[in-house]
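These notes concern the structure reproduced below.
Fair warning: this is a prediction, and the values are worked out from it, not measured in the lab. We count residues from 1, following the sequence as given.
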Amino acid sequence: MSPANAAAPAIVWFRDDLRVADNPALAAAAKTGRPIIAAFVLDEESAGLRPLGGASRWWRAGSLRALDQSLQERGIALTLRRGAAGCAIAELARTSGATAIFWNRRDEPAGAAADTAIITELAARGLDVQTFQASLLFEPHEARTRLGAPFTVFTPFLRHVLALDEPRTPLPAPDRISGVGGIASDRLDDWALEPRAPNWAAKFEDYWTRGEAAARETLAAFTDGALADYADLRNRPDLPNTSRLSPHLRFGEISPFQVWHAVKQAREAAPARRSIDAAADKFISELIWREFCHHLLAHHPGLAERNFQPRFDAFAWRSDGAAVTAWQRGETCYPIVDAGMRELWATGWMHNRVRMVVASFLVKHLLIDWRAGERWFWDTLVDADAANNPANWQWVAGSGADAAPYFRIFNPVLQGRKFDPAGSYVRRWVPELARLPADAIHAPFAAPPAILAAAGVKLGATYPAPIVDHKAARTRALAAFEQMKERKR
C-alpha cells in the first residue's frame, strides 16, 4: 500500500451490526489510522434481499439513531445512503476518495451472494475490501458431521460446537475515530421507517429502548438477575425470566460473543451451585439454537419458502381467511393463544413458549400453512430474523430440520394452565377475562354460566366463542398427516 493510499479514507459499511463495541470491521479500520466514513445503505433494490417487516423497520430506525449518536461521541457521524448497496458504496468511495471498505459478513445466502458480487465490483475499481465474522460464534463451514455434511439435528450440532475452541473475547469500542468532513447523507426521517398515520408502533416505546447502550443494559440486567432461574422459569410468560435480547441480537446492537462471555462471567462470579450451572448451560444452548438456525439457512436458502422435508409438499393445508384473521387478532377463544397474539401486536414481541403454542394452533388446530404464520411474524416481530423465524415455524409444523413430530399438538388449555397457572399473563393481555378465576380463565368455554356471568363474560359478545374444538381439531390434524403420508407412498 502506497503512503498516499495509507492516508486515504476507509469506509466501514454497517448492516445488521449496529454497534461500536465488538465490531471487528470498525476495529480493524480504526487500527489503520485512516480517516473513517461510517456508512449505512438502505438497500431495497438488490435482488434476493427480503424486505423488512413493519416492526423491524421501526426497530432499525431507532437503532440507527443510537449508532449515529455513539459514533458522534467518538468523532464521526453516520452517513446514510439509499439504493442498491453495491452502487451506493462504490459511489461513496469515488466521491470521498476512499480506497478501502471494511464490513462484517452476512451469512444468509442472499446477503452473502450480494456481498460476493459487490466485492467483485469494488475490486474491479481497485478498492481494497476486508470482511469479518461478527454475527455468528461459529462459521457455517466449521460445523460439519464426520461425513462432511451440514448438521440437521440440533443435539449433535450442540455437542460439536461446544467441543470447538471457545468463541473469541469481545473487542473494545474505539475511543476516538478520525472522520472525513463534507460527506453528504440522507436524513433518516425521510426514509419513513417508522409508521406515522396511523402510528401502530406508538406503544412500542413503552416496552423497548433501541440501541447498543440499551442492549448492554439488558444483558447486564439479565446476567445479574433472571439468568439464575432461567432453567426453571424460562417457560413462564407471566414472569420476567427471559433475556429479551432477541431484537438487540437481531440488529447487531450486541454480539453473540458479548452474550457468551457475559454468561460465562456470571457463572464464574456466582456462588458454586448446580442451579447457576444448569441455567447458564440452558441459556447457552438457546444461543447455539440461534446458530443452528443460521447454519440451516446458510445451507438451505429457501427456508422461508420451501419445506425442509419435501414430504410436506403433499400436505393438504386449508384456506380459511376468517380463521387466520381471528388468530391474528387474538380472537380464538383460547386465552393463551389470544394473549400471545395481542402481546405481539402491542409490543412487537412474544414470549418464546407462547410463540410455540400460537404457531402450533395455527398450523395444527387450523391446518393453515406455516408460511402464512411465518409471514405474519416477519411483519410484526421486532426480532424477526431471516433464519430463526422460518426455522422455528418449520420446527413447530414438523416440516423442518430436527422438527417436533407432527403428532405433537399442543393443547392450549393445558399449556396455559401449566405455564400461566394464576392466569396473570392472560389477564394482562385479554382484559375482558380478567375477573375469571384461575381455574376457569384458560378455558372460558368450559366454565359454568354462573362463573362467566359473575366475571362479566358473555361468549360471542364480550369475548369470542371458540373458532375450533381442540379434540376435533387434533383428530383432523392427525388425519391430514396420515393422508400426507399416503400421498407420498
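With hydrogens and angles disregarded, no donor-acceptor distance shorter than 3.5 Å links the side chain of Arg65 to the backbone of Leu188. A donor-acceptor contact shorter than 3.5 Å links the side chain of Trp208 to the backbone of Thr347. Checking side-chain atoms of His442 against main-chain N and O of Asp420 turns up a donor-acceptor pair under 3.5 Å. Judged by distance alone, with hydrogens and angles left aside, the side-chain atoms of Arg81 form no donor-acceptor pair with the main-chain N or O of Ala88 at under 3.5 Å. A donor-acceptor pair is defined here as one N or O able to donate and one able to accept, closer than 3.5 Å; no such pair exists between the side chain of Arg290 and the backbone of Glu286. Without hydrogens or angle criteria, Glu291 side chain to Phe138 main chain gives a donor-acceptor distance under 3.5 Å. Looking only at distances, no side-chain donor or acceptor of Arg19 sits under 3.5 Å from a matching main-chain atom of Glu253. Between the side chain of Thr325 and the backbone N or O of Gly321, at least one donor-acceptor pair lies under 3.5 Å. For Arg427 (side chain) and Leu436 (main-chain N/O), a donor-acceptor pair under 3.5 Å exists by modelled atom type. Side-chain atoms of Thr218 come within 3.5 Å of backbone N or O of Ala214 as a donor-acceptor pair.
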Give the intermediate values and the outcome of side-chain hydrogen bond (donor to acceptor under 3.5 Å, both in side chains) for residues Arg60 and Ser56.
-> CA-CA 6 Å; Arg60 174 173 277 173; Ser56 294; over 6 Å; no
Verdict with supporting geometry, Met341 and Trp376, side chain to side chain contact (heavy atoms under 4.5 Å, CB included) = CA-CA 11 Å; Met341 299 306 292; Trp376 183 252; 3.7 Å; yes
Where do Asp16 and Arg250 land on the salt bridge (charged side-chain N to carboxylate O under 4.0 Å, His left out) test, with the steps shown first?
-> CA-CA 7 Å; Asp16 288 334; Arg250 160 65 183 87; 3.2 Å; yes
When you look at Leu219 and Leu245, which way does the side chain to side chain contact (heavy atoms under 4.5 Å, CB included) test go after all the steps?
-> CA-CA 7 Å; Leu219 176 59; Leu245 285 168; 3.7 Å; yes
For Trp345 and Arg329, run side chain to side chain contact (heavy atoms under 4.5 Å, CB included): C-alpha distance rounded to whole Å, both residues' side-chain angles, the deciding distance at 0.1 Å, then the answer.
-> CA-CA 8 Å; Trp345 189 251; Arg329 292 177 176 174; over 6 Å; no
Would you please test Gln328 and Val324 for side chain to side chain contact (heavy atoms under 4.5 Å, CB included) and show each step?
-> CA-CA 6 Å; Gln328 291 172 340; Val324 172; 3.6 Å; yes
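The CG atom of Leu71 sits 6.0 Å away from the CG atom of Leu78 when rounded to the nearest 0.5 Å. In this structure, CZ on Arg234 lies 11.0 Å from CG on Asn241, to the nearest 0.5 angstrom. Ile36 CD1 to Ile11 CD1: the interatomic distance, rounded to the nearest 0.5 Å, is 11.0 Å. Between the OG1 atom in Thr380 and the CZ atom in Arg375 there is a gap of 12.5 Å [rounded to 0.5 Å]. To the nearest 0.5 Å, atom CD of residue Glu331 and atom CG of residue Asp338 are 7.5 Å apart. To the nearest 0.5 Å, atoms CD (Glu194) and CH2 (Trp200) are separated by 9.5 Å.
Using a 4.5 Å cut-off on side-chain heavy atoms (C-beta onward), His365 and His470 make contact. Considering only heavy atoms from C-beta on, Phe315 comes within 4.5 Å of Tyr406 through its side chain. Residues Val426 and Asp238 form no side-chain contact, since every pair of their non-hydrogen atoms from C-beta on lies 4.5 Å or further apart. Taking the side chain as every heavy atom from C-beta outward, Asn388 and His294 approach each other to under 4.5 Å. Contact check for Asp385 versus Asp383: no side-chain heavy atoms found under the 4.5 Å cut-off. Between Thr169 and Phe257, the closest side-chain pair of non-hydrogen atoms is not below 4.5 Å. Side chains of Phe410 and Lys364 form no contact here, defined as non-hydrogen atoms less than 4.5 Å apart. Residues Pro390 and Phe308 form no side-chain contact, since every pair of their non-hydrogen atoms from C-beta on lies 4.5 Å or further apart.
Salt bridge absent: Glu45 and Arg82 never bring a charged side-chain N and a carboxylate O closer than 4.0 Å. A salt bridge links Glu212 with Arg216: the distance from a Lys NZ or Arg NE/NH1/NH2 to an Asp or Glu carboxylate oxygen falls below 4.0 Å.
Remark: Arg168 fails to qualify as a cation-pi partner of Trp260 under the 6.0 Å distance and 45° angle criteria applied to the six-membered ring. Remark: Arg57 fails to qualify as a cation-pi partner of Trp191 under the 6.0 Å distance and 45° angle criteria applied to the six-membered ring.
Checked by atom type, the side-chain pair Asp107/Ser135 shows a donor-acceptor distance below 3.5 Å. Counting only N and O atoms by type, the side chains of Arg428 and Ser424 include no donor and acceptor under 3.5 Å apart. Side chains of Gln309 and Ser399: no donor on one and acceptor on the other come within 3.5 Å. In this model, a donor atom of one side chain and an acceptor atom of the other lie less than 3.5 Å apart for Arg353 and Gln415. No side-chain donor-acceptor contact under 3.5 Å links Glu432 and Thr462.
Every side-chain contact (heavy atoms from CB on, under 4.5 Å) that Ala443 has, sequence neighbours left out, goes to Val413, Arg417, Phe445, Ala446. Applying the side-chain contact (heavy atoms from CB on, under 4.5 Å) criterion to Arg15, with sequence neighbours excluded, gives Trp13, Asp17, Trp103, Arg106, Asp115. With sequence neighbours excluded, the residues forming a side chain to side chain donor-acceptor pair (under 3.5 Å) with Gln72 are Asp68, listed by chain and number. Remark: Lys264 pairs with Glu166, His261, Glu268 by the side-chain contact (heavy atoms from CB on, under 4.5 Å) rule, at least two apart or across chains. Here Phe154 pairs with Trp289, Phe292 under the ring pair (Phe, Tyr, Trp, His ring centres under 6.0 Å) rule; sequence neighbours left out. In terms of the side-chain contact (heavy atoms from CB on, under 4.5 Å) criterion, residue partners of Asp320 (sequence neighbours excluded) are, by chain and number, Arg318, Ala322, Ala323, Ile368.
Ring orientation note: the planes of Tyr334 and Phe361 are tilted relative to one another, at an angle of 30° to 60°. Classified by interplanar angle (parallel below 30°, tilted 30° to 60°, perpendicular above 60°), the ring pair Phe283/Phe222 is tilted.
Outside the 6.0 Å centre-distance limit, the rings of Phe419 and Tyr425 are not counted as a close aromatic pair. In summary, the aromatic rings of Trp349 and Tyr207 are positioned with their centroids too far apart to meet the 6.0 Å limit.
Ala339 and Trp429 make their closest contact through O-CB, 3.6 Å (heavy atoms, listed as atom of the first residue, atom of the second, distance).
When each of Leu362, Val396, Asn307 is tested with Trp370 by the rule side-chain contact (heavy atoms from CB on, under 4.5 Å), just one qualifies, namely Asn307.
In Asp175, the CG atom is not crowded: 12 or fewer heavy atoms of neighbouring residues, nucleotides or ligands sit closer than 6.0 Å. More than 12 heavy atoms of other shown residues, nucleotides or ligands fall within 6.0 angstrom of atom CZ in Arg105.
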